[in-house]
Each structure stands twice: as C-alpha cells, then as structure tokens.
Amino acid sequence: MFFASVGFAAGPLPHLDLDMTGAEYARILEKSGPESKSEPESKSEPESKSEPESKSEPESESMILNTLAGDPLDAILTVGRKNLDWLTYINQSRGEAQKLSFSTAETQLAYPVEQPKTYNPALIQANYDELVSALPQEMKAVLLGDAPFTAGPPIDEAGYLDWGLKLDRAYQNAARWRLMAPYLDELARRKANDVRGYYFFKKVNDLKEKLEHWASLNSETQARYRSYLIGMCLNNSVSGCAKTVDAQLAKGAAYKLYQRFLGRSMHLFESFFNISVKRSDVRWDDRDQSMHVPFVQPTDIFQQFLSTNIEDEWKWNGWKLLLDFVANADPNSTPHLVFVPGATPHVNGLAGNEITMDENAPLTEYNVRWTIRHEYGHVLGFPDCYQEFYDAEQGVMISYQIDITDLMCSRRGHLKERHHTELRRAYH
C-alpha cells in the first residue's frame, strides 16, 4: 500500500487542528520540503509584522511538496497550491478591505461525532476527480492548463470563491494525509481513545432495560450497540475486544459488560474537557467577578491583538478573564508570544507558557484570531476536544470534534459555560 513505503518524516506526531486552512497546510509543507532550510531561531515580540509579499507566480513545487515518487496525491497538492497562489496574485492589487479569502467564520466546516471526517488517498482522489470534472472551464484553464493567472476572478466573484474553496478543501485533505501518513502505526493505536461508544450510549433512553433484553432488540440496533461496546472495550485497553464482546453478548450479559467498561470510558471522555494541569499564577477576584493571569508585555500591536481576542472570548455571564501585562517578566514562568515563520500554532504543553504562532500569518485573518483564543485555552490547562485515529480495518483516517460549538474542539466553537465552571473549579 502507498503508506507502507512512507519514510520521510521523523519525530513526534505533528499537532494539526482538524480544520486548518489550505494556506496553513501550504506553509507547513513548504517548510518541510526537501529543499527547505532549517527552522530559523524563534523570535519573541517582533517589532513589526505584516502580510508576506504577494507572489506573481507559483513557487517551485520542490519547495512546496515532500515529493514521494508515484504518489497520486501530488497532482492534487500541485493544483491546490496553484489555487492559493492565484488567490494571492488576485489580492495583490486589492485593498485590505477588498481582499478575497477561502477562509472566513462562515466557511468553517465542522466534523461532529455523528458525521466524522473519513479520508484516505482513494477517497481524496475520487472527491477531487468529481470536483475537477465540474470545475468551470475558465478556472480549469488556469489551474490545470497553461493559461496565466488573471488579475481578477475569471467568473463571478461568489462563484470563484465557491469553487476555489472546494479545491482548497481537496488540497487540505491531500496535505493532511501527506503529513499524517508516516505516523499510521501511532494513529492506529489512538483508536483506543475513540469515545463514540460512550458518547452514543449516553444518549440512549432506558439503556439498562434495552441491554438487559438484548434478544428483543432488532438486528440493526444490536449491530450498533455491539460497535459501541467494542469501542468502550478498546477504551479499557482490553485485547481481542470483538471476541470478548461477542462472548458476553451470547451469555446475555450486555449490560454487565457495559458497566464493566463504563468507568474508564467515562473518565476518558471527561478528560477531553477537564483541566488536569493547573497554573500557579492565577488570581481569582470575587469582587469584580474576574480572573487575572499575567502575560509578558509585548509591543503595542500584539498587546491589542491579545486583549481584543483573548479577553473578548474568555468571559461568561458577567465574569471575565483579564490579562495582566508585566514588563520584563520571566518568560520561563509567564505566558508569552513567540513567532516562527511557518510554524504550526501550539503551546508548549497544557498550562504551558510559550504560545508559538506563525510569523507569516497576518493577525487580521479569522483563523489567526480564532487560534490565539484556542491556544490560550491550553495556557489555562484545557486540552483539545477532538479526536483523530487510523482505522486499520477500514483503511481510513477518522476524525471528529466532540462538541462543534466548543472553541477547544472546533473553529466554529466559542467559550461555553462549562469552561467557566471548570475554571472556577480549578482556580477559585
């Protein structure tokens, strides 16, 4: 199979949000390309930061792709990057307010537990082929042919953005597979963290009655509940889960089996939402219903960026979080910003102090503004609440966001009451 020969990546499994944009994937692929230079030294509090210069032509593919000989995804990655370069070319003659984008608050996808994202090279290719077959000829001539970039959309603007976004999503899927494929063994082990069995059982009314009367359930319901029990079995690190579950079902012990697995599955599910690692520098003030957290004082533009986004998001029903900016604070023990060109945004661990952001991403982008709100959640100790693993039996990657309305799960999410409740439990 394709992935059996993949060996270009080394190091830990990359941390990639499920809903990254094509531009974000492009920066990562460019950085990890065979001719890419070593990562530049991290820079904290740069004096100025502007959008990278627009390019009139696509970059060399050798700088963009981690080329694997014969990989059918190469064509999708090439066209996807050309699609992004064309957008940049169009935007270079537009004012800031008129620039076009494939990523806005309204275009964010979600991957709920009930409809997980499922992908592998064959599925990605089939989706791309169907998309290309319907692509307007005016766009096909540029993206798949030799026609030069046009200074404006070759069709109506709404249509161009719609088709461009569809191509960008195909590119995102191909890029994600390219980046994750070297880690399929590790991703297969992460199937043990699939919480869908527990999640779906929580929604079943009269569960005890139904499981104790297993024989009265129709075959479709039995098959569905059996898959839930196997999932909960995997949560409990039991070997041979299918055989274990089937043996107990044959004895009419479905509910006893559920009870056996329940504690560990519940703990695993709750771990996606609980603060397990706490900060020691938080001050909770009941007088004005606020929580204060220090932050290394950056330059004015970044101080405004932090205040506008973090303080705007982290508030609930009269309660608010306030950043206390401290000049010359020790960055080893105080939250601070670090900018690295092409970096995948992340925090150095739960309740960590170093927030790394991509220096090449403009602060005005929706995804950058969402990212700092999300990454700050990690500073407070909140984990990500999305899941991704490789299902070796089906030969597909499966990913989902446990709560698409939650900012720690999805780019469509925001702060919820549960965040305030958990912060109060941990820090009050």
Side-chain angles (χ1 to χ4, degrees), residues 11-17 20 24 28 31 39-47 49 271-285 290-315 319-361 363 367-386 406-409 415 419-420 422-428:
L13 179 70
H15 172 87
L16 305 173
D17 288 340
M20 287 171 52
E24 288 174 301
I28 296 171
K31 185 180 178 184
E39 183 174 299
E41 187 176 342
S42 300
K43 295 189 287 184
S44 298
E45 303 176 23
E47 288 301 320
K49 180 169 178 285
S271 71
F272 284 96
F273 299 97
N274 294 340
I275 294 175
S276 59
V277 183
K278 298 193 295 185
R279 302 194 60 80
S280 60
D281 54 2
V282 172
R283 179 172 61 86
W284 195 288
D285 192 337
S290 63
M291 190 178 94
H292 296 253
V293 188
F295 203 101
V296 175
Q297 186 166 17
T299 52
D300 290 344
I301 184 174
F302 296 107
Q303 184 169 323
Q304 183 63 41
F305 169 71
L306 292 166
S307 296
T308 298
N309 289 285
I310 293 175
E311 293 182 355
D312 176 65
E313 186 72 48
W314 289 87
K315 58 186 179 183
W319 171 88
K320 55 188 175 296
L321 182 147
L322 298 175
L323 297 176
D324 291 340
F325 292 105
V326 183
N328 302 317
D330 181 3
N332 293 315
S333 58
T334 310
H336 61 283
L337 282 175
V338 170
F339 287 92
V340 177
T344 303
H346 65 278
V347 176
N348 61 331
L350 294 180
N353 293 309
E354 186 169 281
I355 306 174
T356 299
M357 299 288 286
D358 182 2
E359 187 177 18
N360 294 334
L363 297 180
N367 290 284
V368 176
R369 292 184 282 113
W370 177 90
T371 294
I372 192 62
R373 298 169 186 234
H374 170 88
E375 295 301 335
Y376 191 76
H378 295 319
V379 171
L380 297 175
F382 286 107
D384 290 316
C385 46
Y386 55 79
D406 189 313
L407 88 159
M408 299 309 297
C409 307
L415 184 129
H419 296 102
H420 173 250
E422 180 64 5
L423 286 170
R424 188 176 183 86
R425 181 198 67 79
Y427 293 115
H428 187 264

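Ring geometry, Trp370 versus His374: the interplanar angle falls under 30°, so the pair is classed parallel (tilted spans 30 to 60°). Aromatic ring pairs are classed by plane angle as parallel below 30°, tilted from 30° to 60° and perpendicular above 60°; the pair Phe339 and Phe302 is tilted. Below 30°, between 30° and 60°, or above 60°: for His420 and Trp284 the angle between ring planes is between 30° and 60°, a tilted geometry.
For the residue pair Asn309/Arg373, the side-chain donor-acceptor check at 3.5 Å is satisfied.
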Using the rule given for side chain to side chain contact (heavy atoms under 4.5 Å, CB included), can you reason through Asp406 versus Phe273, listing the C-alpha separation, both sets of side-chain angles and the distance that settles it, and then say yes or no? CA-CA 10 Å; Asp406 189 313; Phe273 299 97; 4.1 Å; yes

I'd like to know whether Met291 forms a side chain to side chain contact (heavy atoms under 4.5 Å, CB included) with Leu380, so could you lay out the CA-CA distance, the side-chain angles of the two residues, the decisive distance to 0.1 Å, and finally the verdict. CA-CA 11 Å; Met291 190 178 94; Leu380 297 175; 3.8 Å; yes

Could you go through the side chain to side chain contact (heavy atoms under 4.5 Å, CB included) check for Thr334 and Val326 one step at a time? CA-CA 9 Å; Thr334 310; Val326 183; 5.5 Å; no

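Contact of the Asn353 side chain with the Asn332 side chain is not registered, since no non-hydrogen atoms from C-beta on lie closer than 4.5 Å. At least one side-chain heavy atom of Leu350 sits under 4.5 Å from a side-chain heavy atom of His378. Between Leu337 and Ile372, the closest side-chain pair of non-hydrogen atoms falls below 4.5 Å. Contact annotation: the side chain of Phe272 never approaches that of Cys409 to less than 4.5 Å [non-hydrogen atoms, C-beta and beyond]. Looking at heavy atoms from C-beta onward, Phe295 lies out of side-chain contact with Val379 at the 4.5 angstrom threshold. Within the 4.5 Å cutoff, no side-chain heavy atoms of Lys315 are placed close to those of Leu415. The shortest side-chain heavy-atom distance between Ser333 and Asp281 does not fall under the 4.5 Å cut-off. Residues Thr344 and Glu24 are not in side-chain contact: their nearest non-hydrogen atoms beyond the backbone lie 4.5 Å or more apart.
Using a distance-only test at 3.5 Å, with no hydrogens or angles considered, a donor-acceptor pair links the side chain of Glu422 to the main chain of Ile275. Judged by distance alone, the side chain of His336 and the main-chain N or O of Pro331 form a donor-acceptor pair under 3.5 Å. The backbone N or O of Gly342 sits less than 3.5 Å from a side-chain atom of Asp358, completing a donor-acceptor pair. At distances below 3.5 Å, not a single donor-acceptor pair connects side-chain atoms of Glu311 with backbone N or O atoms of Lys320. Side-chain N or O atoms of His292 include none that pairs as donor or acceptor with a backbone N or O of Leu322 at under 3.5 Å. With hydrogens and angles disregarded, no donor-acceptor distance shorter than 3.5 Å links the side chain of Tyr376 to the backbone of Leu306. Between the side chain of Asn274 and the main chain of Ser276, no donor-acceptor pair closer than 3.5 Å is present. Remark: the backbone N or O of Gly352 is paired with a side-chain donor or acceptor of Arg279 at under 3.5 angstrom.
Atom CG of Asn328 has 12 or fewer heavy atoms from other residues, nucleotides or ligands within 6.0 Å.
For Trp314 and Phe382, the ring centers are positioned less than 6.0 Å apart.
Every residue meeting the side chain to side chain contact (heavy atoms under 4.5 Å, CB included) condition with Thr308, not counting sequence neighbours, appears here in chain and number order: Gln304. For Tyr386, the side-chain hydrogen bond (donor to acceptor under 3.5 Å, both in side chains) partners are Asp17, Asp384, not counting sequence neighbours.
The salt bridge (Lys or Arg N to Asp or Glu O under 4.0 Å) analysis of residues 300-309, with sequence neighbours excluded, yields no pairs.
Atoms CD and CZ, on Gln303 and Phe325 in that order, are 4.5 Å from each other to the nearest 0.5 Å. Within the model, atoms CE of Met20 and CD1 of Ile28 stand 3.5 Å from one another, a figure rounded to the nearest 0.5 Å.
In this structure, Ser271 and Pro383 approach most closely via the heavy-atom pair O-CG, 3.3 Å.
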